Number of protein chains: 2
Amino acid sequence: MAKIQSRRNSTKKEVIIEKASRLFREKGFGAASMRDLAEHVGVEAASLYNHIQSKSEILQTICFKVANEFISNLEVVEASLQPTLKKMETIIRLHIRMMLDQYEYVYIADHEWRHLPEPYLSNFLNQRRNYRKRLSDIIETGIAKGEMKAIDPYTAVLVILSAISGIDSWQRSRKSTNAETLESNMVKYLIEGLKK
Amino acid sequence: MAKIQSRRNSTKKEVIIEKASRLFREKGFGAASMRDLAEHVGVEAASLYNHIQSKSEILQTICFKVANEFISNLEVVEASLQPTLKKMETIIRLHIRMMLDQYEYVYIADHEWRHLPEPYLSNFLNQRRNYRKRLSDIIETGIAKGEMKAIDPYTAVLVILSAISGIDSWQRSRKSTNAETLESNMVKYLIEGLKK
DNA sequence: AAAAAGAGCTAACGACTGTTAGCCAATAAT
DNA sequence: ATTATTGGCTAACAGTCGTTAGCTCTTTTT
């Protein structure tokens, strides 16, 4: 092997993916070109292919990296002994933080998954459906245990996840608002709707 | 003038825009091609230009059509004498209905506005910012009047609008759920978080 | 009947797309 | 010291993109 990493403790592949995530968010996957990406990496377009296999491989990497992170976090919460309302709060806070400090990645997994080629597309959608189902199961349990008010669980999941993913349109307009304030405001609203 | 309308009471331009809205939603603005669109309209790509000026003119038409509809609806609500909580409920129901029966258009205005060329882009974002500000003003008034609980108004607006725009990811997975049920579930959750 | 305009077509332009081939220099492994 | 590998580069392919030019036929207006 020749030199395996550039400056900073990251592979060139990781650099490419990082720059790509920025570009994909700004322009959208379809409108972002490899020559565009190459320029941001500081290399010719063809050279990218020494590190990646294709444009859509980048998208796959990003989407499944995010998906896996959410799923493994959910597993920890599921296994915990918290009451259901607290579980939901934990998950909500986690989503908000992911959104805030891995913004580019989360955004792409949220908005650009459409451009995944099969079979990755189906795979991704299955994981997403499964994830949502498990969240609504928590709420369902919460209602059954009398810890939450009777509300349609899937609607609640939809509202919660959508509200959080909408933070992107906030970021730009109110960079000033600090993260903790945003998080606590948001949790307040979303949890209030679940509380009995 | 030659024949000014095709079958149905719609101009060919309207047909093009309607077909385009479907295509733009499915593939994204960048990935949808004029040849693709032409095929759906039943015509050669070049012939489209007898009715429209450019690809992005279609996007502009869709985005501002939706924006204008929302704004003029808001004006009616603002001018009404309802209590603030009722105003918000009216607006929420209106958004949900727009989302359900003008799905394609609303989706594009929500997700594809990024591809608007300047100066339309700035224009659109200004209108959006203004719209959100006016919603948060209603909530602020509601809090001041003691009709709503003290919550950060802009956070509430963000949660509400994002939650509704997330209905798209619902539609596909639960076509069965009828519109009224969805609407009432959603209103229940979103209004509950505002009520004192 | 003559003129104008609408609305379709084919062909093509120039720019840009993701990607491959093939070459060369530097580094790592033997 | 020699060989192998890595990771750059240039050039190019085959395709697609939005759009225009220029033609023809049909329909409307005068």
Side-chain angles (χ1 to χ4, degrees), chain A residues 1-21 23-24 26-63 108 112 114-118 120-121, chain B residues 1-21 23-24 26-63 108 112 114-118 120-121:
Chain A
M1 297 169 264
K3 68 163 178 241
I4 45 169
Q5 49 185 47
S6 70
R7 78 207 142 85
R8 297 188 312 178
N9 275 8
S10 44
T11 317
K12 194 111 194 186
K13 180 166 185 175
E14 287 168 343
V15 173
I16 291 173
I17 289 172
E18 187 196 312
K19 297 284 185 191
S21 70
L23 208 65
F24 290 176
E26 280 174 354
K27 305 204 168 185
F29 178 78
S33 78
M34 295 303 274
R35 287 171 178 82
D36 221 359
L37 172 57
E39 199 170 346
H40 280 83
V41 177
V43 102
E44 287 299 316
S47 306
L48 294 173
Y49 289 84
N50 287 320
H51 305 276
I52 57 157
Q53 286 209 317
S54 68
K55 189 187 181 187
S56 71
E57 189 213 26
I58 301 177
L59 184 61
Q60 292 159 36
T61 306
I62 294 173
C63 287
I108 290 166
E112 302 292 329
R114 270 166 205 280
H115 300 96
L116 285 170
E118 291 288 3
Y120 302 97
L121 179 58
Chain B
M1 294 171 267
K3 69 163 178 245
I4 45 169
Q5 50 184 46
S6 69
R7 78 208 142 86
R8 296 188 313 180
N9 275 8
S10 45
T11 317
K12 194 110 196 185
K13 180 166 184 175
E14 287 168 342
V15 173
I16 291 174
I17 289 171
E18 187 196 311
K19 297 283 185 192
S21 70
L23 208 64
F24 289 177
E26 279 175 352
K27 305 202 169 187
F29 178 78
S33 78
M34 295 303 274
R35 288 170 178 84
D36 221 359
L37 172 56
E39 199 170 346
H40 280 84
V41 177
V43 101
E44 286 299 317
S47 306
L48 294 173
Y49 289 84
N50 287 320
H51 306 275
I52 56 157
Q53 286 208 315
S54 66
K55 188 187 181 187
S56 72
E57 189 213 25
I58 302 176
L59 184 62
Q60 291 159 35
T61 306
I62 294 173
C63 287
I108 290 166
E112 302 291 329
R114 270 166 206 279
H115 300 96
L116 285 170
E118 289 290 2
Y120 302 97
L121 179 59

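Remember, it's a predicted structure, so these values are computed and weren't measured experimentally. Order of the sequence lines sets the chain letters (A, B, ...), proteins ahead of strands, with each chain counted from 1.
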Subject >> By ring-ring contact (aromatic ring centres under 6.0 Å, His included) - contacts of A:Phe24 (at least two apart) >> reply: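 With neighbours one apart ignored, the set is A:Phe29.
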To the nearest Å, how far apart are [X] [atom1] and [N] [atom2]?
X	N	atom1	atom2	value
B:Met34	C:dA12	CE	P	21 Å
A:Lys27	D:dC17	NZ	C1'	15 Å
B:Lys55	D:dT16	NZ	P	15 Å
A:Lys13	D:dT6	NZ	C1'	15 Å
A:His51	D:dT6	NE2	C1'	8 Å
A:Asp36	C:dA15	CG	C1'	15 Å
A:Leu48	D:dT6	CG	P	18 Å
A:Tyr49	C:dT19	OH	C1'	5 Å

Original post:
Side-chain N or O of A:Ser33 less than 4.0 angstrom from OP1 or OP2 on C:dC16?
Top reply: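 A:Ser33 to C:dC16 OP1/OP2: no side-chain N or O under 4.0 Å.
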**OP:** Look at the side-chain N and O atoms of B:Lys12 and state whether any lies under 4.0 Å from the OP1 or OP2 oxygen of C:dG8.
**Re:**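 For C:dG8, OP1/OP2 do have a side-chain N/O of B:Lys12 under 4.0 Å.
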Original post:
Do B:His51 and B:Thr11 pass the side-chain contact (heavy atoms from CB on, under 4.5 Å) test, and can you show the C-alpha distance, the side-chain angles, and the key distance before you say yes or no?
Top reply: CA-CA 9 Å; B:His51 306 275; B:Thr11 317; 5.8 Å; no
Original post:
Counting only heavy atoms not in A:His40, do more than 12 sit closer than 6.0 Å to its NE2 atom?
Top reply: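 No, not enclosed.
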Original post:
Where the side chain of A:Ser33 meets the backbone of A:Asp36, is there a donor-acceptor pair that is under 3.5 Å apart?
Top reply: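 Yes, A:Ser33 side chain to A:Asp36 backbone: donor-acceptor pair under 3.5 Å.
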Original post:
Do A:Lys19 side-chain atoms and A:Gly42 backbone N/O form a donor-acceptor pair below 3.5 Å?
Top reply: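 Not confirmed, A:Lys19 side chain does not pair with A:Gly42 backbone.
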**OP:** For DNA chain C, determine which residues of residues 38-47 of chain B have any heavy atom closer than 4.0 angstrom to one of its atoms, and list them numerically.
**Re:**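 Under 4.0 Å from DNA chain C: B:Val43, B:Glu44, B:Ala46, B:Ser47.
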**OP:** Might you work through the side-chain contact (heavy atoms from CB on, under 4.5 Å) test for B:Glu57 and B:Lys13, ending with a clear yes or no?
**Re:** CA-CA 11 Å; B:Glu57 189 213 25; B:Lys13 180 166 184 175; 3.4 Å; yes
Original post:
Nearest of C:dT19, D:dC17, D:dG8 to any side-chain atom of A:Arg35?
Top reply: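 Of all the options, the side chain of A:Arg35 is nearest to C:dT19.
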Original post:
Which nucleotide, C:dA7, C:dT17, C:dT19, lies nearest any side-chain atom of B:Asn50?
Top reply: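 Comparing C:dA7, C:dT17, C:dT19 against the side chain of B:Asn50, the answer is C:dA7.
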Original post:
Does the pair B:Leu121 and B:Glu118 meet the rule for a side-chain contact (heavy atoms from CB on, under 4.5 Å), with working shown?
Top reply: CA-CA 5 Å; B:Leu121 179 59; B:Glu118 289 290 2; 3.7 Å; yes
**OP:** Using a 4.0 Å heavy-atom cut-off across all strands, classify A:Ala31 as base, sugar-phosphate, or nothing.
**Re:**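 No contact at all - A:Ala31 keeps every heavy atom at 4.0 Å or more from the nucleic acid.
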